Number of protein chains: 2
Amino acid sequence: MPRYGDEECCDMRGLLGFLILFLLSKKPMHGQEIADELAKRRGDKPSPGTIYPALKSLKYAGFLREEEKVGKTITYSLTPRGMKAFHIAKRRFTRTFLGVLS
Amino acid sequence: MPRYGDEECCDMRGLLGFLILFLLSKKPMHGQEIADELAKRRGDKPSPGTIYPALKSLKYAGFLREEEKVGKTITYSLTPRGMKAFHIAKRRFTRTFLGVLS
DNA sequence: TTATATATATCGGATATCCTATATACATAA
DNA sequence: TTATGTATATAGGATATCCGATATATATAA
């Protein structure tokens, strides 16, 4: 039952999609920009096999779209539907973690 | 690839352990108290099959201990090791979600 | 005693996250 | 043209989270 590491209580997975919507709600970005921003925040950079399937799923769900494509660089932005999903998730997030940050 | 629901962007799993440590960092509680508090925060109450294995893992990791047992009611509290793990996780959490709440 | 409610416990499995490895396409420098 | 670097893409699989169903133990009420 080695569920937790030495000083780590959880891996905080399940929030990648939420974080991507959050970042895109501030400004359109492409995959590598998002990965780099997540690296700064979390401490480790998500691999290509992590970030691109996540973007694909969010796009498939109608939460984001390709805004621009220059060479292989695809800039994504939130759709209205994605904005709505983000705000709903943000409300839940805020209520859930009320008091954790203070 | 039905990864996301209609208006939901993620299920925010992976944070149950973190939330339990957070709640116990404020005061000792027993399993049902924790489940009820999570119900208020998240909107749905974690099932016994969710909460008790989580407590067991955290105890196994040395993050919490049984402080008192009355009948079947077990009150848990954080160990110093659990406090440390919580603070480390909290720092990471804060850095990761900087700007989401505002 | 019997019935009911509460709290804890565990098994099995569904699901999702995430990574490793690999491949492809485009741009630019040599 | 060739080489190199960058960005995207996907298959396959390891792992973890979480829940549904079920069982057990204790306390209390009828």
Side-chain angles (χ1 to χ4, degrees), chain A residues 1-5 8-21 24 28-39 41-61 63-76 89 92 96, chain B residues 1-5 8-21 24 28-39 41-61 63-76 89 92 96:
Chain A
M1 196 208 334
R3 200 169 175 180
Y4 299 117
E8 307 234 323
C9 79
C10 55
D11 65 359
M12 296 188 185
R13 64 174 59 191
L15 289 155
L16 182 62
F18 178 63
L19 281 168
I20 291 175
L21 292 193
L24 290 179
M29 303 171 88
H30 63 270
Q32 283 304 312
E33 267 183 291
I34 294 171
D36 289 338
E37 180 64 26
L38 290 175
R41 289 172 172 267
R42 303 191 315 176
D44 60 328
K45 182 174 175 174
S47 70
T50 298
I51 202 77
Y52 294 109
L55 285 169
K56 183 179 178 182
S57 294
L58 291 168
K59 180 181 166 191
Y60 179 84
F63 294 158
L64 48 84
R65 61 182 162 74
E66 301 185 8
E67 178 170 299
E68 192 187 23
K69 183 165 182 175
V70 180
K72 286 223 74 176
T73 304
I74 302 169
T75 301
Y76 288 98
R92 187 153 59 103
T96 299
Chain B
M1 197 206 336
R3 201 169 173 181
Y4 298 116
E8 308 234 323
C9 78
C10 55
D11 66 358
M12 295 188 185
R13 66 173 59 190
L15 289 155
L16 182 63
F18 178 63
L19 280 168
I20 290 175
L21 292 193
L24 290 180
M29 301 170 87
H30 62 269
Q32 284 304 311
E33 267 183 292
I34 293 171
D36 289 338
E37 181 64 27
L38 290 175
R41 289 172 172 268
R42 304 190 315 176
D44 60 328
K45 183 174 176 175
S47 72
T50 298
I51 201 77
Y52 293 110
L55 286 169
K56 184 179 177 182
S57 295
L58 292 169
K59 181 182 166 190
Y60 179 84
F63 294 158
L64 49 82
R65 61 182 161 74
E66 301 186 9
E67 179 170 299
E68 192 188 23
K69 182 165 181 175
V70 179
K72 286 223 73 175
T73 303
I74 302 170
T75 301
Y76 288 98
R92 186 153 61 101
T96 299

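We name chains A, B, ... by the order of the sequence lines, and we start the count at 1 in each one. Reckoned from all heavy atoms, side chains included, excluding hydrogens, waters and symmetry mates. In this text the structure is predicted, and so the values were computed from the model without any measurement.
- B:Glu68 has its CD atom 16 Å from the P atom of D:dT26, to the nearest Å.
- Between the P atom of D:dA7 and the NZ atom of A:Lys45 lies a distance of 8 Å, rounded to the nearest Å.
- Counting any heavy atom pair closer than 4.0 Å across all strands shown, A:Thr73 reaches sugar-phosphate atoms only and no base atom.
- Residue B:Leu38 contributes atom CG, which lies 14 Å from atom C1' of D:dT17 at whole-angstrom precision.
- Atom CG of A:Leu58 is separated from atom P of D:dT8 by 15 Å (rounded to the nearest Å).
- Distance from the side chain of A:Gln32 is smallest to D:dA7 among D:dA7, C:dA7, C:dC18.
- Side chain of B:Leu16, nearest nucleotide from D:dG20, C:dA7, D:dC18: D:dC18.
- Rounded to whole Å, the distance from CD1 on B:Ile51 to C1' on D:dG20 is 16 Å.
- Closest-nucleotide positions on DNA chain C for A:Gly71 and A:Ser47 were compared, and the one nearer the 5' end corresponds to A:Ser47.
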Just the table, please: protein N/O against nucleotides 9-13 of chain D N/O, every pair under 3.5 Å.
residue	atom	partner	partner atom	Å
D:dT10	OP2	A:Lys56	NZ	3.3

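- Distance CG (A:Asp44) to P (C:dT20): 10 Å, rounded to an integer number of Å.
- Considering only heavy atoms from C-beta on, A:Leu55 stays 4.5 Å or farther from A:Ile74 through its side chain.
- Closest approach to the B:His30 side chain among D:dT8, D:dC19, C:dT8 is made by C:dT8 (side chain taken as heavy atoms from C-beta onward).
- Proximity of B:Tyr76 to B:Met29: side-chain heavy atoms (C-beta onward) are nowhere separated by under 4.5 Å.
- Using a distance-only test at 3.5 Å, with no hydrogens or angles considered, no donor-acceptor pair links the side chain of A:Glu37 to the main chain of A:Ile34.
- Atom CZ in A:Phe18 sits 12.0 Å away from atom OG1 in B:Thr96 (nearest 0.5 Å).
- The distance from atom CG of A:Leu15 to atom C1' of C:dC18 is 13 Å, rounded to the nearest whole Å.
- A:Lys45 has its side chain within reach of A:Asp36: a pair of non-hydrogen atoms, C-beta onward, lies under 4.5 Å apart.
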